[in-house]
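In each ligand, atom 1 is the first atom listed, and ligand 1 is the first ligand listed. Residue numbers count from 1 along this sequence.
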Amino acid sequence: MTHDGATDQLTFQDPVERFARITPPKQRQPEPGLDEDLTPQADRGESSYRGTGRLEGRRALITGADSGIGAAVAIAFAREGADVALSYLPAEEEDAQKVQQLIEDAGRRAYLFPGDLADGQYCTQLVSEAVDALGGLDALVNNAGRQIAVEDIADLTDEQWQRTYDTNIRSIFLISQAALPHMAPGSTIVNSTSIQGYQPSTQLLDYASTKAAINNFTKGLAQQVAAQGIRVNGVAPGPIWTPLQVSDGQPQEALPEFGKNTPMGRAGQPTELAPAYVFLTSPESSYVVGETLHVNGGMPSP
Ligand code: NAD
Ligand code: MG
C-alpha cells in the first residue's frame, strides 16, 4: 500500500478489480486533449507507482510524456531512478508541468521540450537538446501519437493522412536516427505501437496503418543494432483511458463502452502500461529484442 491507501503495482490483487469498470460520458476536447479535462480522471500512477531502483541513473527521452501512457511512463521512470526529458505539444504545457513536478518530487531531473513532431527539424533538435540537458542518452521512448477517427475513406483527407504519418512514424525514424549515435551499449528504444496494428478499426485507416509500420520498423531496427548492444522493442496497448480517445480518437457515442469488449471487461489505465516500458528499458530484459509486448486486457494478438 502507498501512503494514501492506493494499492501499488506490486500488490497481489484481482486485476479485474484493480481499476473501476468506467463508463465515460460523451465528451470532446480539441486535439491534442488534456489529461486535466478528462472525465473520469485517468490513473497515471501518481499515488500508486512504486519504484524499485531498476533504472538508476538512466537518462531518458520520452515523447508524448505530458499525458496518458507517456506520463505514466515518465512518472515510473523517475521513481525507478531515471532523469527524464519530456516532449509534447505546446498546447499541453499544463499537463507537462504536472508531470515535471512529479518527476522532481521523485528526486530526479525533468526537462521540458515542447514542439511539433510533424516538423522534422524539431525531431532532430529535440534529440540534441535532450542529450545536452541530460548529459547523454540511454533510453528513448517513442510514444507520441495522433489518432483522429474518420468513418468513411471518402472523407479522409490527404492532409490528415500526411500529418498522421509524419507524427506517428516519420518522427520515430528521425528521432531514432538522431539518438543512436549518442547511445552506448545497454541503451534501449521502446516504441508505442497498438493492437490497431494487428486488428485495425474501420475508422482508423491512417492511424492503424502507422501502428503496423511502427511494429515492423521496431523489429527491423532491432536486428540492425542488436550486435551494438542496443535493444529496440515495442509495447502494443489495447484500449487505455487517455485524452487521445476524447479528442476525436473515437466517435463520441463509442466512449461509454470504451474497453468493455476486452476479455477483462474494462478499459486499461495508463499506469498499467508503465511496468512494460520499465521492463523493456531495464537490464533485466537483456535478451528481449524486437519484441512487441501486448498490454491489452486479453485481446488475442499474434
Ligand atoms: P495521449 O493523448 O495522452 O498521448 C499522446 C501524446 O502524443 C500527446 O500527449 C502529445 O503530446 C503527443 N503528440 C501527438 N501529436 C503530436 C505532435 N504532432 N507533436 C508532438 N507530440 C504529439 O494518449 P495515449 O493514449 O497515452 O497515447 C500514447 C501512445 O499510445 C500513442 O502512440 C498511441 O497511439 C498509443 N496507444 C494508445 C492506446 C489507447 O487506447 N489510449 C492504444 C494503443 C496505442
Ligand atoms: Mg497530451
Side-chain angles (χ1 to χ4, degrees), residues 24 29-38 42-44 62-74 86-99 112-120 122-123 126 141-149 160 162-172 174-175 190-201 204 206-215 234-250 254-255 258-259 261-262 267-274 276-277 292-297 299 301:
Q29 294 188 39
E31 189 192 353
L34 293 179
D35 256 336
E36 200 176 58
D37 298 333
L38 199 57
D43 194 322
R44 294 166 297 273
I62 305 172
T63 66
D66 57 295
S67 61
I69 295 165
V73 172
L86 298 84
S87 161
Y88 54 95
L89 284 162
E92 300 172 304
E93 187 62 34
E94 276 178 75
D95 275 353
Q97 285 186 13
K98 282 187 190 155
V99 178
L112 302 184
F113 297 104
D116 184 354
L117 290 170
D119 171 3
Y122 166 72
C123 295
L126 168 67
V141 178
N142 287 307
N143 164 73
R146 84 188 286 263
Q147 173 185 328
I148 306 290
Q160 158 151 342
Q162 194 64 51
R163 186 161 174 80
T164 302
Y165 266 70
D166 285 349
T167 304
N168 291 13
I169 174 74
R170 177 173 173 252
S171 70
I172 293 183
L174 291 173
I175 290 173
V190 183
N191 299 323
S192 292
T193 169
S194 172
I195 184 71
Q196 287 288 329
Y198 300 89
Q199 295 179 28
S201 296
L204 297 176
D206 54 338
Y207 172 86
S209 57
T210 65
K211 292 296 166 180
I214 292 165
N215 204 46
V235 175
I240 312 304
W241 184 235
T242 72
L244 192 80
Q245 308 300 346
V246 303
S247 47
D248 295 329
Q250 299 285 332
L255 291 176
F258 183 68
N261 62 340
T262 60
Q269 292 293 330
T271 192
E272 296 185 278
L273 275 293
Y277 291 81
T292 303
L293 190 38
H294 294 266
V295 185
N296 66 23
M299 296 163 93
S301 47

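Here Q162 contributes atom CD and R170 contributes atom CZ; the two are 8.0 Å apart, rounded to the nearest 0.5 Å. For the atom pair CD (Q196) and OG1 (T210), the distance works out to 9.5 Å, reported to the nearest 0.5 Å. One distance of note links OG of S87 with CG of L126; it measures 5.0 Å at 0.5 Å rounding. Note: L293 CG to T193 OG1 = 12.0 Å, rounded to the nearest 0.5 Å. To the nearest 0.5 Å, atoms OG (S247) and CD1 (I148) are separated by 6.0 Å.
At a threshold of 4.0 Å, the pair D116-R163 counts as salt-bridged, since one of the basic side-chain nitrogens sits closer than that to a carboxylate oxygen.
Listed by number with element, the atoms of ligand 1 under 4.0 Å from a non-hydrogen atom of D116 are 17 (C), 18 (N), 19 (N). Ligand 1 places these atoms under 4.0 Å from at least one heavy atom of Y88: 11 (O). Near L89, with a cut-off below 4.0 Å to any heavy atom, the atoms of ligand 1 are 11 (O), 15 (N), 16 (C), 17 (C), 18 (N), 19 (N), 20 (C), 21 (N), 22 (C). Near G64, with a cut-off below 4.0 Å to any heavy atom, the atoms of ligand 1 are 6 (C), 7 (O), 11 (O), 12 (C). If you number the atoms of ligand 1 from 1 as listed, the ones under 4.0 Å from a heavy atom of G68 come out as 3 (O), 26 (O). Every atom of ligand 1 is numbered from 1 in the order shown, and the set under 4.0 Å from a heavy atom of R163 is 18 (N). Near G115, meaning under 4.0 Å from any of its heavy atoms, are these atoms of ligand 1: 19 (N), 20 (C). Taking every heavy atom of P243 and a limit of under 4.0 angstrom, the matching atoms of ligand 1 come to 3 (O).
Looking at L117 next to ligand 1, an N or O pair under 3.5 Å apart turns up. For ligand 1, the polar-atom distance check against P237 finds no nitrogen or oxygen pair separated by under 3.5 Å. In terms of polar-atom proximity, I195 is not counted as a contact of ligand 1, lacking any N or O under 3.5 Å from an N or O of the ligand. Among the atoms of I240, some N or O lies under 3.5 angstrom from an N or O of ligand 1. Considering both main-chain and side-chain atoms, S87 never comes within under 3.5 Å of ligand 1 through any nitrogen or oxygen pair. For a threshold of 3.5 Å applied to N or O pairs, the pair formed by R146 and ligand 1 contains no separation below that value. Considering backbone and side-chain N/O of D66, one or more are found under 3.5 Å from N/O of ligand 1.
In this structure, Q245 has a heavy atom closer than 4.0 Å to ligand 1. Remark: distances from the non-hydrogen atoms of G33 to ligand 1 are all 4.0 Å or more. The shortest separation from a heavy atom of Q196 to ligand 1 is not under 4.0 Å, leaving the residue out of contact.
With a cut-off of 2.8 Å, the Mg ion (ligand 2) has no N, O or S atom of Y88 in range.
Looking from atom 7 (O) of ligand 1 to the surrounding protein, the closest heavy atom is G145 N, 3.2 Å. Residue, atom and distance of the protein heavy atom nearest to atom 2 (O) of ligand 1 are L244 N, 3.4 Å. Residue, atom and distance of the protein heavy atom nearest to atom 13 (N) of ligand 1 are A144 CB, 3.9 Å. Closest protein heavy atom to atom 37 (C) of ligand 1: I69 CD1, 3.8 Å. Nearest protein neighbour of atom 15 (N) of ligand 1, counting heavy atoms only, is T167 CG2, 3.5 Å. The protein heavy-atom contact nearest to atom 11 (O) of ligand 1 is E92 OE1, 2.5 Å. At the top of the distance list for atom 31 (C) of ligand 1, counting protein heavy atoms only, stands N143 O, 3.1 Å. Among protein heavy atoms, the minimum distance from atom 33 (C) of ligand 1 is reached at Y207 OH, 3.5 Å.
Considering only heavy atoms from C-beta on, E31 stays 4.5 Å or farther from D248 through its side chain. At least one side-chain heavy atom of V141 sits under 4.5 Å from a side-chain heavy atom of Y277. Counting heavy atoms from C-beta on, the side chains of H294 and Y198 come closer than 4.5 Å. Considering only heavy atoms from C-beta on, C123 comes within 4.5 Å of L117 through its side chain.
Without hydrogens or angle criteria, T167 side chain to T164 main chain gives no donor-acceptor distance under 3.5 Å. The closest donor-acceptor contact from the side chain of Q29 to the backbone of L34 lies under 3.5 Å. A donor-acceptor contact shorter than 3.5 Å links the side chain of E272 to the backbone of Q269. The backbone N or O of S192 lies less than 3.5 Å from a partner atom in the side chain of K211, making a donor-acceptor pair. Proximity of a side-chain donor or acceptor of D43 to a complementary backbone N or O of T271 within less than 3.5 Å is not detected. Formation of a donor-acceptor pair under 3.5 Å by the N143 side chain with backbone atoms of T63 is found in this model.
Between I62 and the options I69, V73, V99, a side chain to side chain contact (heavy atoms under 4.5 Å, CB included) holds for only V73.
Taking the Mg ion (ligand 2) as reference, the nearest N/O/S atom within D66 carries the name OD2. The Mg ion (ligand 2) is closest to atom OE2 of E92 (considering only N, O or S atoms).
Heavy atoms of T193 found under 4.0 angstrom from ligand 1 belong exclusively to the backbone.
For atom 38 (C) of ligand 1, the choice among P239, S194, G238 with the nearest heavy atom turns out to be G238.
No hydrogens or angles considered: a donor-acceptor pair under 3.5 Å links the side chains of T292 and N215.
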